[in-house]
Amino acid sequence: MLGLFKSPEERQLKKLQKAYESKLGEAMQAQRNGNIRQYSVLSEEADKLYRQITDIKR
């Protein structure tokens with residue numbers, strides 16, 4: 001119920017933060033499994049999410 005009082009930017013920020021952390025976790029698992037190409041793709045996607053997060057925070 002308290003979510004009603006959050007702004008759309010706060011909701012979007014929380015969603016992006018969760019997606020960012022998920023991508024980092026997937027990238028870490030790919031690196032541990034030795035799949036460096038998949039790691040680099042996932043890291044790039046995580047970097048894009050991070051840039052979106054920092055843009056919203058400004």
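- Summarising the geometry of Ile56 relative to Glu9, their closest heavy-atom pair is CG2-O, 4.2 Å, with the distance given to 0.1 Å.
- Within the 4.5 Å cutoff, no side-chain heavy atoms of Leu24 are placed close to those of Met28.
- Here the straight-line distance linking atom CD1 of Ile53 with atom CD of Gln12 works out to 10.0 Å at 0.5 Å rounding.
- By the 4.5 Å heavy-atom criterion applied to side chains, Lys15 and Lys18 are not counted as neighbours.
- Among residues two or more places apart in sequence or in another chain, the salt bridge (Lys or Arg N to Asp or Glu O under 4.0 Å) test is passed with Arg51 by Glu44, Asp47.
- Pairing each heavy atom of Tyr39 with each of Ala30, the nearest pair is N-CB, 3.9 Å.
- In this structure, the separation between OG on Ser40 and CD on Glu45 is 10.0 Å, given to the nearest 0.5 Å.
- For the atom pair CD (Gln31) and CG (Leu42), the distance works out to 11.0 Å, reported to the nearest 0.5 Å.
- If you run side-chain contact (heavy atoms from CB on, under 4.5 Å) between Gln52 and each of Leu49, Asp55, Thr54, only Leu49 comes through.
- For Glu21, the side-chain hydrogen bond (donor to acceptor under 3.5 Å, both in side chains) partners are Gln17, not counting sequence neighbours.
- Following chains of ILVMFWY side-chain contacts shorter than 4.5 Å, one can reach Leu13 starting from Tyr50, so the two form part of one hydrophobic cluster.
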